[in-house]
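Below, chain A is the first sequence line, B the second, and so on; all start at residue 1.
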2 protein chains.
Amino acid sequence: MANDDSPERARSAARPAREPLSRDHIIDAAIASVDERGLPALTMRSLGQRLGVEAMSLYRYVNGREDLLEGMVGRLVQELRVDPRGDEHFPTDGWQAYLQSLAVGARRLAHAHPSLFPLIATRHPSAPWLRPPLRSLEVVEDFLVALISRGLSDESAVAAYRAFSSFLLGHLLLEVATLGASTAPVEETLDEGDAEVPDNDLPLSDFPQTQRLQPLLEADHADAEFELALEHLLDRLDALVSQ
Amino acid sequence: MANDDSPERARSAARPAREPLSRDHIIDAAIASVDERGLPALTMRSLGQRLGVEAMSLYRYVNGREDLLEGMVGRLVQELRVDPRGDEHFPTDGWQAYLQSLAVGARRLAHAHPSLFPLIATRHPSAPWLRPPLRSLEVVEDFLVALISRGLSDESAVAAYRAFSSFLLGHLLLEVATLGASTAPVEETLDEGDAEVPDNDLPLSDFPQTQRLQPLLEADHADAEFELALEHLLDRLDALVSQ
DNA sequence: ACCTGAACACCGTTCAAGT
DNA sequence: ACCTGAACACCGTTCAAGT
């Protein structure tokens, strides 16, 4: 409620405004940077600049670039947590409802951070049984608690974790990859240089079926496709559970 | 049939043996390098060294590092081609058999190049309707021809392409990611520096369900899981086709 | 025609030194 | 305690120059 003109604020604004450095703050800035400018543009130096600091200062809070990336992935994955006891939108309706809410959350995350989702998908998990994109102990624990408390057996819950991970990874990475093609930071269309790059852009007419079906192939059913595949997965799990 | 002691061979071996440079040869070497030493170790300079040449020479054949990566992905994806007319192992048995052979081929590719598969999975496809990992015109054309010639409608064939891509991507990337954890080039375990990295390795005992189910979670069923999920996908497509 | 030396701009990272 | 200047080793890439 402090007035913007309060002396404290005015004084601190005298030198370039900058919040105190911290690991959390650095990770926030890094995520924002990648969202805005893509992963290759994230540099220790550029990140320092964004924070009003020299690059070397970051090393007090972050063990190098790799550790920074790990921190970013960790932070994003935490956003996947859904109260396993259910909330106002998805009460304790059954495990299907829980998986549904987790799925839409993961999809929202992927869409919100298309340049970062590949990182979540491909960086080596810290334990071999932590499967992307549900790659944190907290998220896995929530998952297991939610399903077991809703009546699934241990084996079913673990099988569901496996199947659900693959499902999310495949669908969301695919959405993000094709979506990324248009969203990607516009790398100025470099005009081919003079290397003898093979004419990889063969005329589409050499591929008659592909050409003929192009309208079908181009149609974007991402939403419906995701919903449908999720329903099928739930059906499959349902068969597994009640057998 | 030439004898190893033939004068030609002896003479060419006088200076450091090196095959003539070419785009194909460079791409081969790059793939071998990544398979052996991981992606980060692939450098224009290191690649030049492996080819007995200075880094700058590569630029005559390759439009920079990005183009090189694209070339590598392109080459690998071509290995996915399966004769759509069937071969001795999988004659014209029906579209299920074709998809099965394509699936095992893709899985073999992923296992043969675990460090490269993430590249196939995440690089932006050149056309929005080319979906990883089946991201080349040749492979897609084969796919469509195979399925349509086996009786599928246009719509079913395209729907199958979509579902099949997601399936492969999810399962194979997941296998490779967890597998990669153990296979990855042993980055000497850097001991944490002195940055205030949060104690992310919480004791597993804070996650009782996860801890209790760890044996189940750790069990590696990759083979069976893949087979089973593939069967379910084929069933699902079968229902779609014959409706 | 094919390769290289030299150079440029830009990385990640370390460490002694500043405040 | 927190940040920085200076430096190091290493990138990708260009281009004039060599053979």
Side-chain angles (χ1 to χ4, degrees), chain A residues 11-12 14-27 29-30 33-34 37-72 119 123 185 187-197, chain B residues 11-12 14-27 29-30 33-34 37-72 119 123 185 187-197:
Chain A
R11 209 182 323 119
S12 71
R15 54 171 173 138
R18 128 183 147 208
E19 319 195 16
L21 233 41
S22 76
R23 186 178 169 89
D24 279 347
H25 192 71
I26 290 173
I27 291 178
S33 165
V34 174
R37 318 183 338 177
L39 191 55
L42 177 67
T43 276
M44 297 305 277
R45 287 171 151 96
S46 78
L47 182 55
Q49 193 169 8
R50 170 181 279 256
L51 289 164
V53 123
E54 299 299 315
M56 318 76 157
S57 312
L58 304 175
Y59 287 84
R60 286 202 92 73
Y61 306 91
V62 149
N63 273 320
R65 190 170 198 270
E66 284 302 297
D67 181 45
L68 174 62
L69 294 178
E70 213 55 56
M72 296 163 69
L119 230 53
R123 287 186 72 81
E187 331 192 0
E188 48 268 23
T189 48
L190 64 171
D191 32 15
E192 290 281 313
D194 51 356
E196 44 172 69
V197 43
Chain B
R11 206 179 328 116
S12 71
R15 55 170 172 138
R18 130 184 145 206
E19 319 195 14
L21 233 42
S22 77
R23 184 176 171 91
D24 279 347
H25 192 71
I26 289 173
I27 290 178
S33 165
V34 175
R37 318 184 338 180
L39 190 56
L42 178 67
T43 278
M44 298 304 277
R45 287 170 151 97
S46 77
L47 183 55
Q49 193 169 8
R50 170 182 277 257
L51 289 164
V53 124
E54 299 298 316
M56 317 76 158
S57 312
L58 304 175
Y59 287 83
R60 287 203 91 75
Y61 306 91
V62 148
N63 274 321
R65 190 170 197 270
E66 284 302 297
D67 181 46
L68 173 62
L69 293 178
E70 213 54 57
M72 296 163 70
L119 231 54
R123 289 186 70 83
E187 331 194 359
E188 50 267 25
T189 47
L190 65 168
D191 31 15
E192 289 282 314
D194 51 356
E196 42 173 68
V197 43

[atom1] of [X] to [atom2] of [Y]: how many Å apart, nearest 0.5 Å?
X       : Y       : atom1 : atom2 : result
A:Leu68 : A:Met44 : CG    : CE    : 6.0 Å
B:Ser33 : B:Ile26 : OG    : CD1   : 13.0 Å
A:Thr43 : A:Arg50 : OG1   : CZ    : 12.0 Å

Just how far, in rounded Å, is [atom2] of [N] from [atom1] of [X]?
X       : N      : atom1 : atom2 : value
A:Leu68 : C:dC11 : CG    : P     : 15 Å
B:Glu66 : D:dC11 : CD    : P     : 17 Å
B:Leu51 : C:dC2  : CG    : P     : 16 Å
B:Gln49 : D:dG12 : CD    : C1'   : 16 Å
B:Glu54 : D:dT14 : CD    : P     : 17 Å
B:Arg45 : C:dG5  : CZ    : C1'   : 12 Å
A:Ile26 : D:dC2  : CD1   : P     : 12 Å

What does [X] touch in the nucleic acid at a heavy-atom separation under 4.0 angstrom: a base, only the sugar-phosphate, or nothing?
X       : value
B:Ser57 : base
A:Met44 : sugar-phosphate
A:Arg65 : sugar-phosphate

Taking for B:Ala55 and for A:Leu42 the nucleotide of DNA chain C with the nearest heavy atom, the one nearer the 5' end belongs to B:Ala55
Map A:Arg60 and B:Leu58 onto DNA chain C by nearest heavy atom, then report which one ends up closer to the 5' terminus. B:Leu58
In the strands shown, is D:dA1 matched to any nucleotide by a Watson-Crick or G-U wobble pair with both distances under 3.5 Å, and which? C:dT19
Pairing check on C:dC10: which nucleotide meets the Watson-Crick or G-U wobble criteria with it, both distances under 3.5 Å? none
Kindly indicate, with the supporting measurements, whether the criterion salt bridge (charged side-chain N to carboxylate O under 4.0 Å, His left out) is fulfilled by B:Arg123 and B:Glu66. CA-CA 10 Å; B:Arg123 289 186 70 83; B:Glu66 284 302 297; 2.8 Å; yes
Nearest nucleotide by nearest heavy atom, which residue falls closer to the 5' end of DNA chain D, B:Tyr59 or A:Met56? A:Met56
Quick one: do B:His25 and B:Leu51 satisfy side chain to side chain contact (heavy atoms under 4.5 Å, CB included)? Show the steps, please. CA-CA 9 Å; B:His25 192 71; B:Leu51 289 164; 3.4 Å; yes
Please determine, for the side chain of B:Tyr61, which listed nucleotide (C:dC2, C:dT13, D:dT13) has the closest atom? C:dC2
